[in-house]
Amino acid sequence: MVMHVTLPDDTELTVPAHATGRDVAETIGPGLAKAALGTVVNGALSDLMSEVPDGAHVRILTKRDDEWIDLARHTLAHVMAQAVREMLVEEGYPPEAAKLAIGPVIEHGFYYDMDLPRPLSADDLPALEERMRAIVKADLGLRTYVLPREEALARYEAAGDPYKTELIRDLPDDEPIRFYEQGGEAGFTDLCRGPHVPSTGAIPPHFKLTSVAGAYWRGDESRPMLQRVYGVAFATADALEHHLWQVEEARKRDHRRLGQDLELFRLDEEVGPGLPLWLPRGAVMVEEIEALAKEMERKGGYRRVRSPHLSKEDLFLKSGHLPYYEDAMYPAMELDDVRYFVKPMNCPFHHKIYDARPRSYRELPLRLAEYGTCYRYEDSGALMGLMRVRSMQMNDAHVYCTEAQFEEEFLAVIDLYKAYFELFGIETYEMRLSKHAEAGLGKKYVDEPELWLRTEAMVRKVLTEHDVPFVEAEDEAAFYGPKIDVQITSAIGREFTLATNQVDFAQPARFGLTYAAEDGTLKQPLCLHRAPLSTHERLIGFLIEHYAGDFPLWLAPEQVRIVPIADRHLGYADDVRAALEAVDLRAEVDARSERMNAKIRDAELLKVPYVVVVGDAEEAAGEVSFRSRREPDGKGVALDAFVEHLREARDARASEIAPIA
RNA sequence: GCCAACGUAGCUCAGCGGUAGAGCAGCCGAUUCGUAAUCGGCAGGUCGUCGGUUCAAUUCCGACCGUUGGCUCCA
């Protein structure tokens, strides 16, 4: 009984039937067998303990291959679970008290979700890590076997483990119920589809437990909260060190830290959670962003409108928001038996503005824009610096158009996204077409099954025909229609949605919006909700991390810091400031009784793009000397030329500045 | 909202049953200096809030508020 496998160089190898990856490696040669850590079978990661199917393409992994570290990460999840169990047993708990849920490999590492008899804290991690290292050092061999479903179930039912039994029950009938065991029966066994390294000794010592967190069983908030321990693991010490360095660097550009250091915003406990205060420097940025958006929208044919911060309940009942989102709205205030709500979005107001008088097809597309101030009662646990807040100002607009105009309007919005991304140097982003799920009709989504399919198809068609790359996401639409979100990863690795764009077929109907068509009949417009710059809060939070606080000239809260060398230069320093302010450049003179070095240092810490130093030489010649975070230092530059140079760079909103001639 | 941790001066942090300390920032004074911290002095805290234990609580316990890491959610 033999079978054949094909190696990467296309040689065919004859091995005994039911041969494992290890058997294949041994057949190739003893040296390889010794170095082998895992396999790739028919393109999928597998391991040495698993049988290889007849006719498979097999590649043996050694530590020269990048892929094998995921095997070690997976085994580390088991090693960690074993360490947790050992620790609890030592504390006097029975072994089955630690119930294991799932322990997958993730980017850079692994985690394991567990239901434990006592809460773990970060203080437990060093001890756990030490136990893990002992298990690695003990070099426990791994083996895998398959059990019949009933036997597997009986095993976990006996231990009273609801998680594994649920997992087993949910496995398809043809899926083998596989176990991995390390260190024999006395060691550690887990229901697992693999793959793993052949023994715990193969795990490189470059791992670290990073955090403990709660996680709902199967991500469902109605189910038990489990304890999740996260770890990272790498093939080399350098890789681990590099990762930890990156984490540290990321921490340094965290917008909350920089927002404080650069005096941009503040979250004050007494004001309320998720209600940021914009400090003067941050407010400058808000206004620059707003000026940018207004300029872009003017060019894009938008008209500006303004709407109140609150309205009567009826408006939100009509829009349909209230039934879906009441929990996430600040509660009603009641006056003279009328309930008012602070607005969580602007669309109902814009619909009313559309409806202010009868509309003609000649007016369409009608694009109404507003930097609307909204309030949402986000879950307390969801709040995070500026990225997730309860008061926000949205770069909002609604485009009302005919179905025939939809394509062009939709693309114009996508182009707007792209123009912004280019301006901010955002290179990696992902467009997501978020669709409804049938099960949610009438609950999460308005109950218009045909309209859903039709709008989704419309959007997909436009994206596809114009080669806009996108992925599709099930069950993530807005309640009134499909949406296009643009996911961005900030410099510190947090992924979140910046731009968003939704197609709304429901609200125009609910508001009875119409326009007189060419043939004199009344038709219903489509509505596009779009917010390419998200909210001020989220965008600026993102930009702080993106630029690490080192903003381009046009965005910098303070553009020029003027440092007089001695008090006798204060007069000239003030002349320089006046010259800059004459063209609306933001400049300040540091008139403190400090040494020049200290003033320069403070300006650098605030990441002021240009520091101008003026002394006797500059004053006599009407010149400036400057140091810049954007270009080589300048000496003896005529004041006029310097002002003009900065004015040009500012007006162009340049992120790169060509050195002054 | 859920699980866990944390909360001491404007900021970063030390202290931890006997009633609070440093550096930076601030204020005052001296210094007037050529590209990342001049020197000296002063002032600043109901130790998140409220309760409990104790002769005594910033320190131990509980609740609440806030923040953080995750989970869930995100019109």
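Hydrogens, waters and symmetry mates play no part in the numbers below; they use all other heavy atoms, side chains included. So that the names make sense, note that chain A is the first sequence line, chain B the second, and so on, each numbered from 1.
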| field | Aro-ring/base stack A/Tyr325-B/A75, d under 5.5 Å, angle under 30° | value | yes
| Salt-bridge criterion met for A/Glu537 and A/Arg388 (N-O under 4.0 Å) | no
| Listed by chain and number, what are the side-chain contact (heavy atoms from CB on, under 4.5 Å) partners of A/Ala77, not counting sequence neighbours? | A/Phe110, A/Tyr112
| task | Just jot down the side-chain contact (heavy atoms from CB on, under 4.5 Å) partners of A/Ala548, sequence neighbours excluded, or say none. | result | A/Arg253
Of the nucleotides [options], which one has an atom closest to the side chain of [X]?
X        : options             : value
A/Asn597 : B/A36, B/C33, B/C74 : B/A36
A/Ser380 : B/U67, B/G1, B/A75  : B/G1
A/Val212 : B/A4, B/G34, B/G69  : B/A4

| request: Please say whether the positively charged group of A/Lys607, taken as NZ for Lys or CZ for Arg, lies over the ring of A/Phe551, i.e. under 6.0 angstrom from the six-membered ring centre and within 45 degrees of the axis. | output: no
| task | Counting Watson-Crick and G-U wobble pairs whose two distances are both under 3.5 Å, find the runs of 3 or more in a row that involve RNA chain B. | result | B:1-7 with B:65-71, B:10-13 with B:21-24, B:26-30 with B:38-42, B:48-52 with B:60-64
| message | According to salt bridge (charged side-chain N to carboxylate O under 4.0 Å, His left out), who are the partners of A/Asp379, at least two apart in sequence or on a separate chain? | response | none
| field | Residues from residues 246-268 of chain A lying under 4.0 Å of RNA chain B - heavy atoms | value | A/Arg256, A/Gln260
| field | Stretch residues 222-229 of chain A: residues that reach within less than 4.0 Å of RNA chain B through a heavy atom | value | A/Met225, A/Arg228
| query | Does a donor on one side chain and an acceptor on the other come within less than 3.5 Å for A/His350 and A/Tyr400? | reply | no
| query | Just checking, any donor-acceptor pair under 3.5 angstrom between side chains of A/Glu623 and A/Ser625? | reply | no
| field | Parallel, tilted or perpendicular, as decided by the 30° and 60° cut-offs, for the rings of A/His309 and A/Tyr375 | value | tilted
| field | Interatomic distance where CD belongs to A/Glu594 and P belongs to B/U32 [whole Å] | value | 14 Å
| request: Determine whether the aromatic ring centres of A/Tyr480 and A/His529 lie less than 6.0 Å apart. | output: yes
| Side-chain heavy-atom pair A/Ser222, A/Tyr216 within 4.5 angstrom cut-off | no
